[in-house]
Amino acid sequence: QVQLVESGGGSVQSGGSLRLSCAADRVPRKDYCLGWFRQAPGKEREGIAALHSDGETVYADAVKGRFTISRDDKSTLYLQMNGLKADDTAMYYCAAETGAWSCSLRLRYWDYWGRGTQVTVSS
């Protein structure tokens with residue numbers, strides 16, 4: 001029911017910044033989460049940031065203080081990434097969860113996924 005398309009990935013040097021975007025074809029009326037996940041080669045996909053429809057945010061410890069999740073007044077989700085490190089290199093995915101009272105970064109709760117955008121950080 002929700003189609004998500006990520007963009008904004010690329011290659012940057014350590015310490016640099018990127019802003020990822022996730023365009024949704026529609027946004028649920030209420031009680032939903034929008035989030036960002038990432039998966040490095042050979043590793044499990046991990047949740048890094050989520051935004052609830054009521055404004056609550058949650059961040060993984062690995063990105064707290066460096067990444068900021070936000071959305072515009074239309075249908076686009078953003079992830080501002082500052083102070084990028086080589087360990088941030090991964091495929092980044094946006095995701096959506098419906099019927100949520102609050103957001104969790106646990107993978108199993110999320111209903112819809114984009115195809116991903118690659119972020120590569122050189123050391």
Side-chain angles (χ1 to χ4, degrees):
Q1 293 183 354
V2 180
Q3 295 183 346
L4 306 169
V5 181
E6 304 94 338
S7 63
S11 182
V12 299
Q13 293 185 330
S14 297
S17 298
L18 281 175
R19 188 180 73 162
L20 305 183
S21 299
C22 175
D25 64 342
R26 61 179 295 175
V27 179
R29 184 172 63 86
K30 64 178 181 180
D31 296 337
Y32 63 88
C33 296
L34 300 172
W36 290 96
F37 293 72
R38 68 185 182 186
Q39 186 169 22
K43 296 189 176 183
E44 299 291 329
R45 190 172 300 186
E46 61 174 340
I48 56 174
L51 172 65
H52 193 264
S53 49
D54 68 3
E56 175 196 18
T57 59
V58 58
Y59 295 93
D61 289 341
V63 307
K64 193 172 299 181
R66 298 188 297 122
F67 292 8
T68 303
I69 188 171
S70 64
R71 61 169 294 176
D72 61 18
D73 57 357
K74 294 183 172 57
S75 301
T76 303
L77 179 73
Y78 300 98
L79 183 68
Q80 179 65 47
M81 305 186 296
N82 298 325
L84 284 164
K85 308 173 181 179
D87 287 347
D88 295 320
T89 295
M91 184 73 76
Y92 283 72
Y93 302 87
C94 63
E97 177 190 0
T98 59
W101 290 274
S102 62
C103 294
S104 170
L105 295 179
R106 295 184 66 182
L107 188 66
R108 72 192 331 267
Y109 292 104
W110 297 80
D111 302 313
Y112 305 100
W113 296 88
R115 291 295 187 92
T117 185
Q118 179 67 40
V119 172
T120 302
V121 184
S122 61
S123 60

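Residues: numbered from 1 along the sequence shown. Since we're looking at a predicted model, the values are computed, not measured.
Applying the disulfide bond (SG atoms under 2.5 Å apart) test to residues at least two apart or on different chains, none of the pairs has a partner in residues 46-86. Listed by first and then second residue, the disulfide bond (SG atoms under 2.5 Å apart) pairs that reach into residues 38-78 come to none, sequence neighbours excluded. Pairs engaging residues 113-123 under the salt bridge (charged side-chain N to carboxylate O under 4.0 Å, His left out) rule: none recorded [sequence neighbours left out]. Contacts classified as side chain to side chain donor-acceptor pair (under 3.5 Å) and involving residues 78-91 (residues at least two apart or in different chains) are given here: S17-N82, R38-D88, R66-D88, D72-Y78, Q80-N82. The ring pair (Phe, Tyr, Trp, His ring centres under 6.0 Å) contacts involving residues 90-109 comprise nothing, where partners must be two or more places apart or lie in separate chains. Applying the disulfide bond (SG atoms under 2.5 Å apart) test to pairs two or more places apart or on separate chains, those with a residue in residues 28-72 are C33-C103. Sequence neighbours left out, not one pair with a member in residues 46-71 passes ring pair (Phe, Tyr, Trp, His ring centres under 6.0 Å). Evaluation of the disulfide bond (SG atoms under 2.5 Å apart) test over residues 51-97, restricted to residues two or more places apart or in two chains, returns C22-C94.
Residue T98 holds its OG1 atom at 4.0 Å from CG of D111, rounded to the nearest 0.5 Å. Note that CG of L34 and CG of L79 are 12.0 Å apart. Values are rounded to the nearest 0.5 Å. One finds the CD1 atom of I69 at 10.5 Å from the CG atom of L20 (value rounded to the nearest 0.5 Å). Note that CE of M91 and OG1 of T120 are 8.5 Å apart. Values are rounded to the nearest 0.5 Å. One distance of note links CG of L18 with OG1 of T117; it measures 9.0 Å at 0.5 Å rounding. Between D54 atom CG and K30 atom NZ the span is 12.0 Å, to the nearest 0.5 Å.
Annotation: ring pair (Phe, Tyr, Trp, His ring centres under 6.0 Å) contacts of F37 (sequence neighbours excluded): W110, W113. In terms of the side chain to side chain donor-acceptor pair (under 3.5 Å) criterion, D25 has no residue partners (sequence neighbours excluded).
V63 and V12 fall within a single hydrophobic cluster, where Ile, Leu, Val, Met, Phe, Trp and Tyr are joined by side-chain heavy atoms under 4.5 Å apart, directly or via other members.
Q118 contributes a side-chain N or O that, together with a main-chain N or O of A90, makes up a donor-acceptor pair within less than 3.5 Å.
For S104 against R106, the heavy-atom pair with the smallest separation is OG-N, 3.0 Å. Of all the heavy atoms in S14 and S123, the pair that sits closest is OG-CA, 3.3 Å.
Clustering of Ile, Leu, Val, Met, Phe, Trp and Tyr side chains at separations under 4.5 Å places Y112 together with V2, L4. V58 belongs to a hydrophobic cluster whose other members, connected by ILVMFWY side-chain contacts under 4.5 Å either directly or through intermediates, are L105.
Counting heavy-atom neighbours within 6.0 Å of Q3 CD, excluding the residue itself, gives a total of 12 or less.
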